[in-house]
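What you see is a predicted model, and the numbers here were worked out from it, not measured in a lab. A, B, ... follow the sequence lines: proteins, then strands. Residue 1 opens every chain.
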Number of protein chains: 2
Amino acid sequence: MKTEEEVEDFILNGHKHYLRHITIDCAIIGYHDQQLKILLVKWKHLNGWGLPGGFIMNEETLNEAANRILMEKTSLSDLFLQQFYTFGDSFFRLSKKDWDKDQRLLIPIPEDNWLLERTISIGYYAVVDFEKVSISPDIFYDEYQWCDIQSIPELLFDHNEMVEKAIQTIRLQIYHQPIGYNLLSEKFTLPEIHVLYETILGKQLDRRNFPKKLMSLGILKKLDEQRSIGPHRSPFLYEFDKENYEKALMEGIALAF
Amino acid sequence: MKTEEEVEDFILNGHKHYLRHITIDCAIIGYHDQQLKILLVKWKHLNGWGLPGGFIMNEETLNEAANRILMEKTSLSDLFLQQFYTFGDSFFRLSKKDWDKDQRLLIPIPEDNWLLERTISIGYYAVVDFEKVSISPDIFYDEYQWCDIQSIPELLFDHNEMVEKAIQTIRLQIYHQPIGYNLLSEKFTLPEIHVLYETILGKQLDRRNFPKKLMSLGILKKLDEQRSIGPHRSPFLYEFDKENYEKALMEGIALAF
DNA sequence: TCAAAAGTGTTATGTGTACACCCATGC
DNA sequence: GCATGGGTGTACACATAACACTTTTGA
């Protein structure tokens, strides 16, 4: 959606192609270099920050919609996307949207437009390498930022609650969901995956116990290669044991409700 | 909704009072006398069984809607209701509803009526004592049954998937959510809560380890009373330690996403 | 030879699991 | 006294957590 005509059509006729009252919002957690960040976008006409989101098309599954929205915002596809909760209880979700009249959209949204109706939002999360993500500008969002997870500002609507719940969920699922597939190269060293898990969990993990745990879960396979990393001892390379990880994933899905 | 006029108004004007495209379906698990059952209703005009459900009113939170729907179907209130997943990916949820033309409703549903639109459904579960539930007949459901959890027939739409996921969730959350508050009288014996947990989990639990676990979680309080149960030793009475259970619940909510 | 980073094993502690015998009650 | 069901404790296996020294590498 780039041109003025497309936006006008979306505002006036979107309700013919998208389901009303339902949105998907994505908590896109970015990891790079021992930092955990979340992708925030600035809503042009609202002058505030929030999560990227969108509507579901008539002939699209939820999963497809979440992937499409993620693709549109980050240009990444085939990520591990996970539904974590559906939000409809907060004060902001109870009434029609009373958006700032001082809208800076190309065309104003008419009163009683479908975009102003009350929405229920389904939350999905993804964990990505934020160095590899290129944000596509969108007509509704004019800025974005990777915001440190520790210092999230006040967000629009109930998006703070969403972020909190997304991070809780990721931390609970990290040993049973393939978080990490998209963050590490195919072969990686123990220290790499170690700091990744430390960063996501927000706490230190013992350097000797950590590989034991991963090995006992059977999701890691030690390779016979080492990586040369300068004036230091060469660490061994590992890869995910796909077969076993799939199995853990199945049990994890049972865990994930 | 009882009279013909009310139904006609619901069909023709419901979209003014309810959110379109979103439903709530309730997996109401019933327990009594070591049996686990699920409440199924027969949809009059579809000639098939499914879960009771309903739409969300314009000014209602999801939680309120789920409670209202449960109240309407079971006449029980103040239950522990828990959202467990939102369903929108199955084949049945992708297209408009192509309901049997041979409708046995009082008035036929017009083509392009809001009730025939595609819906996303938010699943909630509750666990109740099925002996204490009196089902209110509904104009859309003409029969109901408490169906044994082991032998669930083929249900309408994706409701089999919902039931499965609901039971998975309950089993995962049983030690951290106040499942049981509504099933046992205020004071109960160890054997009573023991068979309850065995029934829900579908497996045997060691009679000596089980109380240890509940005690170590701190959710149980032993009382100084015993109950006389005929020609046997009198079992001690217990009650839930409300304060500690609330605390467990808080952590459980974090667990429950 | 030095600095930086990787590798590795043992012990203590707690948690989960398996298991069998005695006690109380009413008939 | 007997049948029925309730109550209790111990031993073992396993997982988790704490902890420090040695090896490799390249400059």
Spell out yes or no: do the side chain of [X] and the base of [N] have one donor N/O and one acceptor N/O closer than 3.5 Å?
X	N	value
B/K222	D/dT8	no
B/R233	D/dT4	no
B/K203	C/dT17	no
B/R208	D/dG7	no
A/H232	C/dA5	no

Inset, instruction - Find which nucleotide of DNA chain C each of B/S216 and A/F236 is nearest to by heavy atoms, and output the residue with the more 5' nucleotide. - result: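 Whichever sits nearer the 5' end wins; that is A/F236.
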Whole angstrom is fine here: how far is it from [atom1] in [X] over to [atom2] in [N]?
X	N	atom1	atom2	value
B/F188	D/dG6	CZ	C1'	16 Å
B/Q226	C/dG26	CD	P	11 Å
A/L214	C/dT8	CG	P	14 Å
A/F210	D/dA15	CZ	P	18 Å
A/M215	D/dA15	CE	P	16 Å
B/L217	C/dG14	CG	C1'	15 Å
A/L190	D/dT24	CG	C1'	16 Å
A/R207	D/dT23	CZ	C1'	12 Å

Legend entry - N/O donor-acceptor pair under 3.5 Å between A/H194 side chain and A/F210 backbone: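 Side chain of A/H194 to backbone of A/F210, a donor-acceptor pair under 3.5 Å: no, none is there.
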Legend entry - Comparing A/N209 and B/D206 on DNA chain D - which has the more 5′ nearest nucleotide: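 Closest to the 5' end, via its nearest nucleotide, is B/D206.
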Inset, instruction - Indicate, with a heavy-atom threshold strictly under 4.0 Å, whether B/P191 touches base, sugar-phosphate, or nothing. - result: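 Answer is sugar-phosphate: B/P191 comes under 4.0 Å of backbone atoms only.
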Inset, instruction - Would you indicate, yes or no, if D/dG26 has its OP1 or OP2 atom less than 4.0 angstrom from a side-chain nitrogen or oxygen of A/S228? - result: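 The answer is yes; a side-chain N or O of A/S228 sits under 4.0 Å from OP1 or OP2.
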Legend entry - Ring centres under 6.0 angstrom apart (A/F240, A/F188):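 So the answer is yes for these two rings.
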Legend entry - Aromatic ring proximity, centroids under 6.0 angstrom, A/Y31 and A/F130: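 No, the ring centres sit 6.0 Å or more apart.
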Legend entry - Beyond-backbone contact of A/T86 with B/Q83, side-chain heavy atoms, under 4.5 angstrom: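 Yes, side chains in contact.
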Inset, instruction - Check whether any side-chain heavy atom of B/Y245 sits under 4.5 Å from a side-chain heavy atom of B/L217, and report yes or no. - result: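 No; the side chains remain at least 4.5 Å from each other.
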Inset, instruction - Among D/dT16, D/dG9, D/dG7, find the nucleotide with the atom closest to the side chain of B/K212. - result: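 Nearest to the side chain of B/K212 among the choices is D/dG9.
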